[in-house]
Amino acid sequence: MINYNEIEKKWQDYWDKNESFKAVNNSSKKPYYILVEFPYPSGAGLHVGHVRSYTAHDAMARMRRMQGENVLFPMGWDAFGAPAEQYAIKNHVHPKQAVAENIKTFKGQMKKMGFSFDWSREFSTTDPDYYKWTQWQFLQFYKNGMAYKDTIPVNWCPTCKSVLSNEDAAGGVCERCGSKVQQKEKSQWMLRMSDYAEDLLKGLDDTNFADRVKLGQINWIGKSEGVEVDVDIVGGGKFSIFTTCIETIYGITFFVIAPDGKLIKELMPRVENKDEVLAYIEETANKSAMDRTELNKGKTGVEVKGIKAINPVNGKEVPIYLGDFVLGDYGTGAVMAVPAHDQRDYEYAKEHNLEIIKVIESGDISSHAVEKGEYLEDKKAVLVNSGEFDGLSVKDAKEAITKMLEEKNIGRRVNNYKMRDWIFSRQRFWGEPIPMIYCDKCGWQPMKEEDLPLLLPDVAEYEPTDNGESPLAKIDEWVNTKCPKCGGAAKRETDTMPNWAGSSWYFLRFMDPHNTNEFASMDAMKYWNRVDWYNGGMEHTARHLLYARFWVQFLYNIGLVPHKEMIWTRVSHGMILGPDGLKMSKSKGNVINPDDIVREYGADTLRVYEMFIGDYQQDAAWSEDSLRGCRKFIDRIVRMKDIITDSNKYTNEVLANKTIKKVENDILSLKYNTAISSLMIMLNEYDKQEEVTKADYSLLLTLLNPFAPHITEELNEQIGNKPICESSWPKYDESKIVEDTISIGVQVNGKVRGTVDINVDDSEEVIKEKAMNEENVKKHIEGKEIVKVIVIKGRIVNIVVK
RNA sequence: GCGGGUAUGGCGGAAUUGGCAGACGCGCUAGACUUAGGAUCUAGUGCCGCAAGGCUUGCAGGUUCAACUCCUGUUACCCGCACCA
């Protein structure tokens, strides 16, 4: 009985000893950088989902290496974050201890899977040698005016006395204790990401991301083009509104302003119903913490009495309302309300009994679409009740009215983005300390670069403070320092960076991981050029990717990286679901532990199975039965070794060349499942052959090697070949793939009635002839008029009869 | 509500991008070998039908000699964002 685990260990040691997968900077070979998202090393250990994407890209890396490329396939750890901190609080150990243990587990598991990572480049985001550069880069953001402090509400749990992330505050309830979450104002570091909105959109053209990934980025950025218009207040003063539907401006019957915005604060002295207004503002402040879905039913709000605004195009005086559907931090925090043509305005007007004026008449006058604001689709829609613009189409009116407002100097074209600046502070211990110092005299000062890294202190208590400060705030000897400018007493920033920070540039560090002078040298980055192929989960295609691209674009703008986009192709894998078809989770008890599978079936079987499980980019449910099928496949290959003959010729050239081509192309296009299936077909064909030659067998082993590297190396050694990982990938000969005779289907009126064998050089006439004489076909065309015969060479014949 | 994805035998899934639907694997059926089989090998296996034949890619239409594939409408499930003016 063959012991797979023993063989696996043997070859893993061999690869380690020989540094088989080491990527060499500045090698003359063609560089190719394959990156899989580095994992958060949780206590749960490696997940079968990790195994899927790592195996897939391991296969790609192994094949490309055999094809003579210098493949960079690195691995590291994204280890800052809440779980390690929670663990530390509970067990009174430093989180770095917990992280070290988890990394050890993960790494051991990965080694057992035989992934061909270049372990010499390994690092963790929590290594001071690494986060020194994360801090250094933050200082560059600061020095270039890209980091600033602002007061931002945070989710606050009054029971736990802790700041919560949006995830932990889902539903407006603290995930841990169930208390109602409040909003609390905190001064936080922000990065001016919104300045990059346009560049982040444009940059997508310089990437090869899948369309669905690009769309995710575009939607997240959320650009809308519109017009900002100044609105005068009766009795003096003015404010601005933003609209994307300027053509409806004559239909304004009221304005709505955000209860959480600055405008209402300015207007307060003139408000007649102050109590009512203040109460609504208060109500909104509490509400915004709650899950909005629950409150989405009605359009609440109050009138701001005593203040009327003037429609800038027709002088009409209309009331102003507060409404929480208007957001303080988007656009100008105020909107013109045109209830006839906007769903939300319509609902609001109905709720508060406000006037509705129709300003667009659709081609279909009775159409409800007009009220729903769908007139843009309707090419016949024209303006009415709009003074000089009556009769214009929506498109023309948009332009004409914008021009008129521009000329009067009360309107301007503006783009707005949903994407906001990046809130960069976290009130947590286990993150990169933000290297800023506050001095009463000099204000905020950046640390001196030569003093980096600013290390996290070694203490044993990480409980949050009562007032929502980071646990670091309690550690006086750490907080108290000297001002880098005046040398006087000063205090350190106690907030730390978000988890997203360290993962925004790690792919650059892999290019030059041991550099002590720079985060990565320009030379190294120019050699590797960019990440050629980046794989990660679908859940990261929006935010992580956007943060990373923003970070890189900034570094590019200050001359520190060679390209504005450092990631070329981005692909995402589907999830591995439990045997029940549901997402694996401890509570559901449907978690599959890769260690168990490796022990029972071997790493190669697990690898082959996960590649065979289905479309790589699609979710797939675990099946132990299918897993066994893959083990059977490997067992059959092992048994075949005993019957091979000495010949170094392929028994079937067509099969050999066809399979090389298929496996190679499939690996390059993420179609791993069909690559495996073509190897199964190859094995089946070998079984039917009179003999299986050494050449046949070696080829099968080589083609399977990227998926099942251990057993193939072992068998390959046993038949006296040199290691596959030191050999080259076979080249296929296109001319040998073409078969002389093929069988094609013959249809009558689109229905297949038979098959005929044709030669490649048969003329259309000959093929037609053969088709018409096929027994069953004859039966179906007998006595009927032949309208036409379609012959698609090498594919099909279709005879149309009446 | 908006955006994205998915839908094919008993199951996981293929289909050269408009050209023989169901590759490959699992499962199942029968047989061989066997003291035994959750091992191995052989044959069969979309559905209905004794058969000729008919039907079949969520559903309803359309384009085409030909549609899983393209177009229109529709349903269900999954994921992301959620009042973005």
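All figures in this text were calculated on a predicted structure; none of them were measured in a lab. All chains are named by letter (A, B, ...) in the order of the sequence lines, taking the proteins before the strands, and each is independently numbered beginning at 1.
A donor-acceptor contact shorter than 3.5 Å links the side chain of A:Tyr280 to the backbone of A:Thr300. Looking only at distances, a side-chain donor or acceptor of A:Lys214 sits under 3.5 Å from a matching main-chain atom of A:Leu204. Looking at A:Thr253, its side chain does come within 3.5 Å of a backbone N or O of A:Glu355 through a donor-acceptor pair.
Mapped onto RNA chain B by nearest heavy atom, A:Tyr616 and A:Thr755 fall at different nucleotides, with A:Tyr616 at the one closer to the 5' end. Nearest-nucleotide positions on RNA chain B place A:Leu215 closer to the 5' end than the other of A:Asn798 and A:Leu215.
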Does the ring pair (Phe, Tyr, Trp, His ring centres under 6.0 Å) test come out yes or no for A:Phe633 and A:Phe612, once each step is laid out?
CA-CA 12 Å; A:Phe633 168 58; A:Phe612 189 61; 8.2 Å; no

Run the numbers on A:Glu198 and A:Lys223 for salt bridge (Lys or Arg N to Asp or Glu O under 4.0 Å), then give the verdict.
CA-CA 8 Å; A:Glu198 204 56 46; A:Lys223 177 177 182 172; 3.0 Å; yes

Show your working on side chain to side chain contact (heavy atoms under 4.5 Å, CB included) between A:Val608 and A:Arg631 and close with a plain yes or no.
CA-CA 8 Å; A:Val608 168; A:Arg631 168 63 180 264; over 6 Å; no

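For the C1' atoms, the distance from B:G44 to B:G10 is 16 Å, rounded to whole Å. Rounded to whole Å, the separation between the P atoms of B:U64 and B:G27 comes to 46 Å. Spacing of C1' atoms, B:U8 relative to B:A43, comes out at 27 Å, to the nearest Å. Here the separation of B:G54 from B:U63, taken at their P atoms, is 23 Å to the nearest Å. Distance noted for atom C1' between B:C65 and B:C59: 26 Å (whole Å). B:U34 and B:C47: their C1' atoms are spaced 37 Å apart (whole Å). Atom name C1', nucleotides B:G62 and B:A52: the rounded distance is 33 Å, in whole Å. Distance check on atom C1': B:C68 versus B:A7 gives 11 Å, rounded to whole Å.
In this structure, the CG atom of A:Asn673 is 8 Å from the C1' atom of B:A14, given to the nearest Å. Rounded to whole Å, the distance from CG on A:Leu627 to C1' on B:C24 is 16 Å. Taking atom CG on A:Leu322 and atom C1' on B:C83, their separation rounds to 15 Å, with Å as the unit. One can place NZ of A:Lys671 at 17 Å from P of B:A23, the figure rounded to the nearest angstrom. Going from atom CG of A:Asp619 over to atom C1' of B:G12 covers 13 Å, rounded to whole Å. If you take CD1 of A:Ile799 and P of B:A66, they are 14 Å apart, rounded to a whole angstrom. The separation between A:Leu545 atom CG and B:G80 atom C1' is 15 Å, rounded to whole Å.
Checked by distance alone, A:Lys299 brings a side-chain donor or acceptor within 3.5 Å of a matching partner on the base of B:C83. At a cut-off of 3.5 angstrom, the base of B:C84 holds no donor-acceptor pair with the side chain of A:Asp329.
Taking only side-chain atoms of A:Met680, from C-beta outward, the nucleotide of B:C84, B:G25, B:A21 with the closest atom is B:G25. Closest to the side chain of A:Phe325, from the set B:A85, B:C83, B:A23, is B:C83. When the nucleotides B:G13, B:A85, B:C24 are ranked by their closest atom to the side chain of A:Val326, B:A85 comes out on top. Nearest nucleotide to the A:Arg344 side chain, out of B:G13, B:C83, B:C65: B:C83.
For B:C84, the OP1/OP2 oxygens have no side-chain nitrogen or oxygen of A:Tyr417 closer than 4.0 Å. Note on A:Thr674: every side-chain N or O is 4.0 Å or more away from OP1 and OP2 of B:C24.
The pair A:Glu228-A:Arg413 does not count as a salt bridge, with every side-chain nitrogen at least 4.0 angstrom from each carboxylate oxygen.
Where pairing requires Watson-Crick or G-U contacts shorter than 3.5 Å, the helical stems of RNA chain B with at least three consecutive pairs are B:1-7 with B:75-81, B:10-12 with B:24-26, B:27-32 with B:40-45, B:46-48 with B:53-55, B:58-62 with B:70-74.
Relative orientation of the A:Tyr547 and A:Trp422 rings is parallel, given thresholds of 30° and 60° on the angle between their planes. Between A:Phe325 and A:Tyr348, the ring planes are tilted. Angles from 30° to 60° get that label.
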B/S/- contact track for nucleotides 39-54 of chain B, protein heavy atom under 4.0 Å
-SS-----------SS

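Base orientation for B:G9: syn, the chi torsion being within 90° of 0. The glycosidic torsion of B:U57 lies more than 90° away from 0, which places this base in the anti conformation.
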